[in-house]
Chemist: 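Here you go, one structure.
No hydrogens, no waters, no symmetry mates; every other heavy atom, side chains included, goes into these values. Chain letters run A, B, ... following the sequence lines, proteins first and then strands; every chain starts at 1.
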Amino acid sequence: MIQEQLQQLITKALDKVLPATDQSGLTDLSIDIETPNNPEHGDFSSNVALVLGGLLDQPPRQLAETIADNIPDTLLIKRVEVAGPGFINFYMSPIWLQEVLEQCLTAREQYGCSDYGAGQKVQVEFVSANPVGPIHIGNARGGPFGDALANLLAATGYDVQREYYVNDGPENTQLKLFGASVQARYLQELDIPAELPEDGYQADYVVELARQLVQQDGDAHTDVPTDDSGALYFFSLVKEWMVQRLHEDCAAMGIQFDRWFRETELYEQDAVRQEVDKLLQSGAAYQKDGAVWLGATEFGDDEDRVLVRRTGSPTYIASDLAYAVDKFVKRGFDKVIYVWGPDHAGYVARLQAALAAIGVQPGQAEFIIYQTVRFLEGGQPLALSKRRGNIITIQQIIDDIGRDATRFFFLMRSVDAHLDFDLDLARQHGEENPVYYVQYAHARICSIHHEATQRGFEILPLDEVDLSLLTHPDELTLLRKIADYPQLIQRAALDRAPHRLPHFAYELAQSFHQFYTTCRVLDADQPALSQARLKLVQGTQIVLQNLLGLLGLLGLLGITAPKEM
RNA sequence: GCGCCUGUAGCUCAGUGGAUGAGAGCACCGGACUUCGGAUCCGGGUGUCGGGGGUUCGAAUCCCUCCAGGCGCGCCA
């Protein structure tokens with residue numbers, strides 16, 4: 001990308017000006033190439049002299065002059081200026097944008113991709129909702145986010161795997177509660193008196209599960225004891241239905257996991273017990289009050305944590321540790337990104353400490369906590385409570401406003417921010433809805449191509465088209481947008497910030513609409529210009545498609561917007 | 001009480017330690033179609049970047065503190 005080329009030019013200049021020792025504190029990051037807010041300050045700008053001046057205790061302005069004077073001549077750059085406290089500003093010659101367009105048209109679906117990750121094995125684990133109910137609006141946000149993040153990492157050269165962790169372990173108390181709820185509903189369905197446990201699952205789908213069970217097995221399970229073993233038994237009866245439902249919900253969101261990892265696998269291999277034993281041997285864990293404790297404070301946690309209860313059954317930390325060993329040691333991931341809901345925020349420090357205890361290096365495990373989503377309808381937030389039973393499933397939302405609009409709205413905001421999901425806005429197919437604004441730009445692009453074919457415009461190969469004819473301000477703005485795309489991908493991946501993509505898609509659509517209004521593409525009187533503009537349109541389409549591909553929104557491009565206004 | 005996240009225009013939000021310019025969308029008002037899709041475009045104005053202090057040549061951005069909101073803090077997951 002162009003920023004890298006400029007960085008290399010600066011590096012060359014530095015090599016001529018400064019002894020290598022003076023460059024020791026310099027990293028790629030300190031040679032920052034950015035786009036100035038004020039266009040008068042050039043097309044690109046570098047703060048290298050300001051950073052280096054501070055490091056070497058030299059006047060930045062003077063240093064900047066020296067560096068600027070030694071930047072090798074190239075056709076891409078018209079002139080270099082030093083400004084302000086010591087910025088080096090680059091004024092590009094017009095051909096740089098033509099080169100970018102050529103790169104884009106040549107690379108096509110690879111445009112914007114890089115090998116930055118150098119094939120490192122990264123796992124993104126996300127959603128991982130317990131198999132006790134469908135995906136609902138409280139836990140769905142991690143889905144589109146994790147999926148888009150995985151796409152971004154793959155596009156920047158990482159070897160990415162998507163994983164869903166199914167918490168179906170035999171020691172999971174949530175499952176017992178859920179199983180007991182199913183059991184109670186099952187008995188009620190057969191007119192046998194039974195009470196839903198306190199804090200049990202009240203939602204309607206539990207009643208439906210019970211009904212399904214009666215339909216399948218009749219009264220075959222009435223003699224099952226109403227204790228933990230009975231609860232687990234009932235869970236086992238409905239488990240595959242639940243997992244199947246989770247599969248369907250994720251598929252509905254457009255997510256394909258590479259692996260559904262089941263917690264039971266860890267117990268079948270006796271991995272949980274083995275890990276606890278290892279920790280006891282290494283001294284990282286100890287016995288107290290009949291329980292086994294992890295000495296988590298040694299590894300930065302606030303307090304030590306129980307690994308094995310007094311009853312002898314392991315806690316979730318124990319199985320999460322065994323799971324981590326499976327990820328890092330057995331399967332050899334260089335990095336694992338855990339995407340969790342806000343209710344898990346307090347668990348980060350705990351697992352981090354536990355990971356340190358098994359020798360996972362800091363930075364190998366990343367934790368991304370997404371914030372809550374409020375769904376608004378008529379300006380009022382929808383209330384949801386899993387326990388009280390008035391849950392709203394992600395399937396309902398998708399049925400309502402469509403998969404792509406759902407994903408777009410989820411992805412629009414930073415995961416750090418609380419998200420207001422405006423259902424009324426998402427339902428609209430009008431100008432207020434950013435989804436259709438972007439979609440409309442693509443529809444227009446397709447229409448131009450269609451029209452070109454209809455009118456018999458011959459599409460010339462790239463080397464026969466004079467791109468230097470693209471000089472209109474709106475053409476240049478659009479070209480600049482195409483040029484900015486690779487760095488956007490790079491930074492969004494690095495910052496784990498997929499939300500920048502919908503914003504960029506909107507801006508790209510905006511630049512295109514503006515171009516479309518002022519610059520007629522197909523003009524029989526100006527065939528050479530038409531050819532150049534067709535290339536620009538094609539470049540826009542490539543970027544738009546790549547962008548929406550990363551967001552998992554290619555469906556938007558397949559749907560043709562209505563012809564009626 | 002402790003921890004995490006947030007606080008930017010009337011509303012919803014972008015914003016990468018940079019420049020005499022802190023930006024979008026929505027909403028509101030006014031304009032633009034004989035020709036590629038008007039679900040479009042153009043113009044119009046709004047800010048103690050929650051308050052205070054600090055670091056820096058330079059802070060919405062980093063640090064401290066206070067205020068406000070959301071979420072979490074179990075031998076539940």
Chemist: OP1 or OP2 of B/C57 sitting under 4.0 Å from any side-chain N/O of A/Arg61?
Modeler: no

Chemist: State which of B/G25, B/G21, B/C71 makes the closest approach to the side chain of A/Gln510.
Modeler: B/G25

Chemist: A/Glu171 near the nucleic acid: base, sugar-phosphate alone, or nothing, with a heavy-atom cut-off under 4.0 Å?
Modeler: sugar-phosphate

Chemist: Under 6.0 Å from the six-membered ring centre of A/Tyr338 and within 45° of its axis: does the NZ or CZ of A/Lys327 meet both?
Modeler: yes

Chemist: Look at the side chain of A/Asp343 and decide which nucleotide, out of B/G72, B/C41, B/C73, has an atom nearest to it.
Modeler: B/G72

Chemist: B/G70 base stacked by A/His418? Criteria: ring centres under 5.5 Å, plane angle under 30°.
Modeler: no

Chemist: A/Val521 has a side chain; which of B/U40, B/C36, B/A19 sits nearest to it?
Modeler: B/C36

Chemist: Categorize A/Leu307 for me: base, sugar-phosphate, or nothing, with a 4.0 angstrom heavy-atom threshold over every strand shown.
Modeler: nothing

Chemist: Sort out the partner of B/G7 for me: Watson-Crick or G-U wobble, both distances under 3.5 Å, none otherwise.
Modeler: B/C67

Chemist: Reckon A/Arg455 touches a base, only the sugar-phosphate, or nothing at all at heavy-atom distances under 4.0 Å?
Modeler: sugar-phosphate

Chemist: Ignoring backbone atoms, establish whether A/Gln514 has a side-chain N or O less than 4.0 Å from OP1 or OP2 of B/C42.
Modeler: yes

Chemist: Assign each of A/Ile369 and A/Ser414 to its nearest nucleotide of RNA chain B by heavy atoms, then name whichever residue's nucleotide is nearer the 5' end.
Modeler: A/Ile369

Chemist: B/G18 base stacked by A/Phe87? Criteria: ring centres under 5.5 Å, plane angle under 30°.
Modeler: no

Chemist: Between B/G23 and B/G47, how many Å separate the two C1' atoms, rounded to a whole number?
Modeler: 11 Å

Chemist: Can you tell me the base-pairing partner of B/C2? Count Watson-Crick or G-U wobble geometry only, both distances below 3.5 Å, and say none if there is no partner.
Modeler: B/G72

Chemist: Could you walk me through whether A/Asn89 and A/Glu81 satisfy the side-chain hydrogen bond (donor to acceptor under 3.5 Å, both in side chains) test, starting with their C-alpha distance in whole Å, then the side-chain angles of each, then the deciding distance to 0.1 Å, before giving a yes or no?
Modeler: CA-CA 5 Å; A/Asn89 294 339; A/Glu81 275 183 12; 5.6 Å; no

Chemist: Is the base of B/A19 touched by the side chain of A/Asn47 through a donor-acceptor pair closer than 3.5 angstrom?
Modeler: no

Chemist: So which nucleotide from B/G70, B/G38, B/G21 ends up closest to the side chain of A/Thr372?
Modeler: B/G70

Chemist: What interatomic distance, in whole Å, is found between P of B/C26 and the corresponding atom of B/G58?
Modeler: 39 Å

Chemist: Is the positively charged end of A/Arg79 above the ring of A/Tyr91, judged by distance under 6.0 angstrom from the centroid and angle within 45° of the axis?
Modeler: yes

Chemist: Are any of A/Asn37's side-chain N or O atoms less than 4.0 Å away from OP1 or OP2 of B/G18?
Modeler: no

Chemist: Just checking, is any N or O donor in the side chain of A/Tyr201 or A/Gln174 under 3.5 Å from an acceptor N or O on the other one?
Modeler: yes

Chemist: Check whether the side chain of A/Thr517 and the base of B/A32 form a donor-acceptor pair under 3.5 Å.
Modeler: no

Chemist: Classify the angle between the aromatic ring planes of A/Phe515 and A/Phe512 as parallel (below 30°), tilted (30 to 60°) or perpendicular (above 60°).
Modeler: tilted

Chemist: Is any side-chain nitrogen or oxygen of A/Arg413 closer than 4.0 Å to OP1 or OP2 of B/U6?
Modeler: no

Chemist: I want to check one thing: is the phosphate of B/C26, taken as OP1 and OP2, less than 4.0 Å away from some side-chain N or O of A/Tyr437?
Modeler: no

